[in-house]
Structures are given as C-alpha cells and as structure tokens.
2 protein chains.
Amino acid sequence: MSVRILIVDDHPLVLEGLKSLLADAEGVRVVGTATNAIDAIAFLKNNEVDIAFLDINLPDISGIDLCKKVKDQFPEVKTLALSTFNERAYVSRMIQNGASGYLIKSSGKEDILEAIAQVQAGGYFMNVQFDQVTPATAPKTVPFLTRREKEVLVLIAEGLTNPQIAEQLFVSVTTVNSHRQNLLIKFEVSNTASLIKLAAGLGLI
Amino acid sequence: MSVRILIVDDHPLVLEGLKSLLADAEGVRVVGTATNAIDAIAFLKNNEVDIAFLDINLPDISGIDLCKKVKDQFPEVKTLALSTFNERAYVSRMIQNGASGYLIKSSGKEDILEAIAQVQAGGYFMNVQFDQVTPATAPKTVPFLTRREKEVLVLIAEGLTNPQIAEQLFVSVTTVNSHRQNLLIKFEVSNTASLIKLAAGLGLI
DNA sequence: CGAAAAATCATGCTTTTATAGGATTGATCT
DNA sequence: AGATCAATCCTATAAAAGCATGATTTTTCG
C-alpha cells in the first residue's frame with residue numbers, strides 16, 4: 001500500500017511542483033492538497049492521511065501552530081515541515097510541536113523521497129545545514145513570547161516609542177519597558193535593531 | 001511558433017511547478033531552467049529565449065540585479081519577476097531595471113498564462129494588490145543608498161551602537177550618526193526599529 | 001485551591017538615539 | 001571651472017532606550 005500524502009501550501013507552484021515530483025514515484029500517492037489551515041483540518045477529518053507536508057507560512061495561521069493542531073487532533077498523521085528558510089529556530093519549534101521532519105523548499109527530488117521514507121518508517125528527516133547560514137546573533141530557538149510581548153514587539157516594529165505603545169495599550173510606560181526588556185532577554189540581544197532583525201527573519205512581524 | 005521560456009529559480013519545487021503548469025499549455029515551451037544567475041546568463045548566451053522568469057531571491061545575486069544584467073546583455077529577452085512577496089518596493093525596482101512584469105508565487109495558472117501572453121505581446125503584467133499588505137510606513141521605492149550608508153545599515157542591524165560602528169569603520173561617532181540620520185530620512189522613518197524592519201523586508205540585511 | 005507565570009507598576013541612573021544646524025574636503029560629472 | 005554629491009567632522013539638546021532591582025496583582029492551570 002502506498003503512502004498517502006496531504007500537501008498544505010498556499011503557493012500553487014509549490015503544490016504543483018510537489019505533486020509532479022511525487023506523481024511518478026513509487027509507493028507514494030498525493031491524496032489531497034490544501035492552501036490554508038482550515039481546509040487542511042477539514043480534509044484530515046474526512047480522509048486518511050499518512051504524512052502531511054505543512055508549509056511554514058500559511059495565510060491563516062502559522063505552520064508551526066497548524067502542526068500542533070494536527071498532532072493534537074490527528075496524532076497518527078505524521079507531519080513534515082516545508083520552509084523556504086534554513087532556520088534553526090523554525091526547526092526546533094516544529095519538532096517541539098511534533099513534526100517528524102523539516103524540508104527546505106530548495107530540496108531536490110531525492111531528498112523529498114528520502115524524507116518520506118524516513119518519516120513513514122517512524123524516523124525523522126531534516127536536510128538543513130545551519131552553520132553557514134545562521135548568524136552568530138541568532139538565538140538557539142524561537143523564544144516563547146507571551147501575548148503581551150508579541151503585541152509590544154509588533155508595535156516596536158511599527159516604529160512606536162515606549163510612550164506611544166503605552167498609550168495604545170492603556171498601560172504605563174514602565175510596563176511597556178518591562179516587556180521590552182523581556183524581549184531583549186528572550187532574544188538574547190542588547191538593542192532594538194538586533195531584536196527587529198531577528199524578529200523579521202523569523203516572520204514574527 | 002511557441003513562446004520560449006527560461007525559468008531561473010533556486011527552488012526545484014518552483015521549477016517543477018512552473019514546468020508542470022506550462023507543460024500542457026499551448027504555445028508555450030520551457031526551453032531551459034537555471035538555479036542561479038551565472039547559469040542563467042550562460043544559458044542565454046547559447047540559446048534563444050523569449051521570456052525569462054526571474055526569482056527575486058537567488059543564491060548568487062539578487063533577481064533585481066540579474067534583471068538589469070539580462071536587459072543589458074540580451075535586450076530582446078523579456079523578463080518577468082517571480083517573488084514570494086507582495087512588495088511595492090520590489091516591483092518598482094524591477095520595472096526600473098527593465099522587467100515586463102511581476103508575478104507573486106501564489107499566482108494561479110491563469111495568471112501565469114495571462115502574464116506570458118501580455119508580456120509576449122509587448123505589454124506589462126502584474127498581479128499584486130498592494131494596499132492591503134503594504135504598511136503605511138513603507139517608502140514608495142527602495143531608497144538609493146550610498147556605499148557608506150549600506151555599511152552602516154548592516155552594522156546597525158547587527159546590533160552595534162554608534163560608538164562601536166565608528167570604531168569598526170575608523171571614523172568618528174558624528175560621522176556614523178550622520179549616515180544614520182540620512183538612512184532615517186531616506187527610508188522615511190523616525191527610528192531604528194522601523195528602519196530595520198523595512199530594510200529586512202527589502203532583503204537589504 | 002495553590003503554585004507558577006504573566007502583567008502590572010515604580011525609582012534611579014547611564015547610554016544611545018534623534019534632531020537641529022552647520023562646515024570642510026574630495027571626487028565626479030558636465 | 002563650477003556644480004553636485006559623498007564623506008567627513010563639529011556642537012548642543014531633548015528624547016528614548018537600556019540596565020538594575022524590586023514589588024504587587026491577576027491569570028492560568030494542574
């Protein structure tokens with residue numbers, strides 16, 4: 001019996017590419033595709049799937065969150081993260097959320113088939129090479145941010161100052177400053193410039 | 001005679017996807033693919049091509065620069081930018097460099113064929129919708145930066161302070177500050193956070 | 001319920017940025 | 001030769017951010 005695959009990606013080109021690459025492969029069958037998280041969950045409710053390829057960047061929710069949802073609701077489905085980026089941080093978050101592997105989109109056919117085989121056999125697969133790409137300033141993982149911290153981060157990125165953020169959130173400037181300091185600590189940086197660069201690189205803003 | 005197409009993208013999935021989408025289309029023929037700028041130029045030297053699809057993000061040089069090179073060396077070849085992003089700034093830069101169109105990778109088959117038809121007929125095509133996506137803080141175009149400004153920008157993004165940058169570049173702190181202020185003016189922002197966010201979004205750092 | 005985590009606020013001090021308003025020296029282009 | 005622009009430097013002030021230390025109050029969750 002062949003491995004049943006669901007592909008979730010909002011880029012038709014990637015969907016087509018993967019389908020086409022897997023079409024003539026043996027023992028593999030693409031049983032469905034989805035371009036957003038809601039459709040993906042709906043599909044899983046009504047169909048049996050062995051491996052779900054999940055894009056990291058989806059229109060509705062992040063692939064990281066979708067991965068968690070899938071593993072919660074359909075623990076038997078194995079998940080494989082698909083990403084444009086070669087980011088250590090993404091990987092650990094996905095694995096943390098139950099993913100069985102991580103494929104960068106620049107992977108070739110062999111890598112993809114190898115990944116499927118590995119994952120189906122109960123193993124893990126990832127074809128990232130970090131050390132060239134990851135700058136020294138990058139944190140080991142995507143730090144866990146609280147709701148408030150995310151809000152403050154976004155407002156900082158929009159160019160607001162502490163007083164302006166305080167006004168926006170109806171809290172005092174010292175509170176905003178606290179969140180801000182926590183962000184610096186969590187990202188292991190010492191100023192706003194590095195913070196925003198990292199956050200931007202991680203798609204957080 | 002069919003339209004001869006070269007696809008330049010470092011993601012095999014995108015290459016496959018486009019090839020597969022264009023395979024059964026009439027009047028269109030993918031005559032070559034390349035995964036970097038050097039191969040692309042080499043291919044153009046030895047082959048006749050009507051339209052080149054250029055990824056914005058390539059391993060060696062940016063698609064924006066490649067576009068300029070292609071138009072300089074092969075003015076008869078029409079170029080179509082391929083991008084993940086919906087960025088006003090990219091578009092104007094590509095058009096400035098002679099591109100005939102701009103396609104986001106989330107485009108469907110119809111859009112792609114429409115783009116080819118338009119471009120082949122000597123027209124322009126772009127399927128971006130800016131206003132929802134582009135934040136108010138975005139500049140109209142990618143500002144022109146001098147050599148020194150680029151250097152300073154990168155060092156700011158790396159988290160260095162003015163005194164540290166001054167030391168690194170063997171100039172005074174006031175000079176660094178001047179460049180920094182010029183960066184703020186050119187990007188039309190008022191603080192470092194916005195500056196880095198924009199620069200990151202434009203792939204400048 | 002009770003512990004842990006998050007969100008809130010405060011004070012004080014230092015460093016860095018932002019803003020304003022110049023000025024001088026080279027290099028480049030017309 | 002004159003104009004333009006980049007790069008360099010300066011003074012001075014106000015605003016914002018960074019750093020330390022600590023405390024109180026909600027939420028959240030087992």
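Excluded from the calculations below are hydrogen atoms, water molecules and symmetry mates; all remaining heavy atoms, backbone and side chain alike, are included. Chain letters run A, B, ... following the sequence lines, proteins first, then strands; residues in each count from 1.
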K.L.:
On DNA chain D, nearest-nucleotide positions of A:S190 versus A:P163: which is more 5'?
P.N.:
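Result of the comparison: A:P163.
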K.L.:
Side-chain N or O of A:R148 versus OP1/OP2 of C:dT8: is the shortest distance under 4.0 Å?
P.N.:
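So the side chain of A:R148 is within the cut-off, an N or O lying under 4.0 Å from OP1 or OP2 of C:dT8.
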K.L.:
Can you figure out which of C:dT19, C:dA6, D:dA17 approaches the side chain of A:T146 most closely?
P.N.:
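Nearest listed nucleotide: C:dA6.
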K.L.:
Tell me: CD1 of B:I185 to P of C:dT17, nearest whole Å?
P.N.:
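Atom CD1 in B:I185 sits about 17 Å away from atom P in C:dT17.
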K.L.:
Verify the distance criterion only: is there a donor paired with an acceptor across the side chains of A:N177 and A:T174 at less than 3.5 Å?
P.N.:
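Not at all, the side chains of A:N177 and A:T174 share no donor-acceptor pair under 3.5 Å.
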K.L.:
Expressed as a whole number of angstroms, how long is the span from B:L153:CG to D:dA7:P?
P.N.:
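These atoms are roughly 13 Å apart.
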K.L.:
Where the side chain of B:T174 is defined as all heavy atoms beyond and including C-beta, which of D:dT11, C:dC9, C:dT17 is the nearest nucleotide?
P.N.:
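Closest of the options to the side chain of B:T174: D:dT11.
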K.L.:
Which residue, A:R180, A:H179, A:K186, forms the side chain to side chain donor-acceptor pair (under 3.5 Å) with A:E149?
P.N.:
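Passing option: A:K186.
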K.L.:
Roughly, in whole Å, what's the span from CG in A:L183 to P in D:dG18?
P.N.:
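It works out to 10 Å between those atoms.
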K.L.:
Roughly how many Å is it from CZ in B:R147 to P in C:dG26, rounded to a whole number?
P.N.:
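The answer, rounded to whole Å, is 16 Å.
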K.L.:
Once you round it to whole Å, what is the distance between C1' of D:dC9 and CD of B:Q181?
P.N.:
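About 15 Å, once rounded to whole Å.
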K.L.:
Could you give the CG-to-P distance, from A:N182 to C:dT8, as a whole number of Å?
P.N.:
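Atom CG in A:N182 sits about 12 Å away from atom P in C:dT8.
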K.L.:
When we call it a touch if two heavy atoms are under 4.0 Å apart, what does A:T192 touch: a base, just sugar-phosphate, or nothing?
P.N.:
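Counting heavy atoms under 4.0 Å across all strands, the contact made by A:T192 is with sugar-phosphate only.
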K.L.:
I need the NE2-C1' distance between B:H179 and D:dC5, as an integer number of Å.
P.N.:
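Taking NE2 of B:H179 and C1' of D:dC5, I get 13 Å after rounding.
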K.L.:
Could you state the atom-to-atom distance from CD1 of B:I156 to P of C:dT16 in whole Å?
P.N.:
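Taking CD1 of B:I156 and P of C:dT16, I get 14 Å after rounding.
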K.L.:
Give the nucleotide from the list C:dT8, D:dC10, D:dC19 with an atom nearest to the side chain of B:S172.
P.N.:
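Of all the options, the side chain of B:S172 is nearest to D:dC10.
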K.L.:
Just to be sure I understand the rule, does B:N191 reach a base, reach only the sugar-phosphate, or reach nothing, if contact means heavy atoms closer than 4.0 Å?
P.N.:
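Contact class for B:N191: sugar-phosphate only.
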K.L.:
Among C:dT17, C:dT8, D:dC9, which nucleotide sits nearest the side chain of B:N162?
P.N.:
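Nucleotide nearest to B:N162's side chain: C:dT17.
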K.L.:
Might you point out which heavy atoms bring A:V31 and A:F43 nearest each other, and give the distance in Å?
P.N.:
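Heavy-atom minimum between the residues: O-CZ, 3.3 Å.
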K.L.:
Compare the minimum distances between each of D:dT8, C:dT17, D:dA7 and the side chain of B:T161, then state the nucleotide with the smallest one.
P.N.:
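Among D:dT8, C:dT17, D:dA7, the one nearest the side chain of B:T161 is C:dT17.
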K.L.:
Assign each of B:N177 and A:R180 to its nearest nucleotide of DNA chain D by heavy atoms, then name whichever residue's nucleotide is nearer the 5' end.
P.N.:
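Result: B:N177.
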K.L.:
Side chains of A:L183 and A:I156, heavy atoms from C-beta outward: is any pair under 4.5 Å?
P.N.:
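Yes, at least one pair of side-chain atoms sits under 4.5 Å.
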K.L.:
What residue among A:T175, A:V171, A:V176, A:N182 forms side chain to side chain contact (heavy atoms under 4.5 Å, CB included) with A:R148?
P.N.:
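That would be A:V171; it is the only one of A:T175, A:V171, A:V176, A:N182 passing the side chain to side chain contact (heavy atoms under 4.5 Å, CB included) with A:R148.
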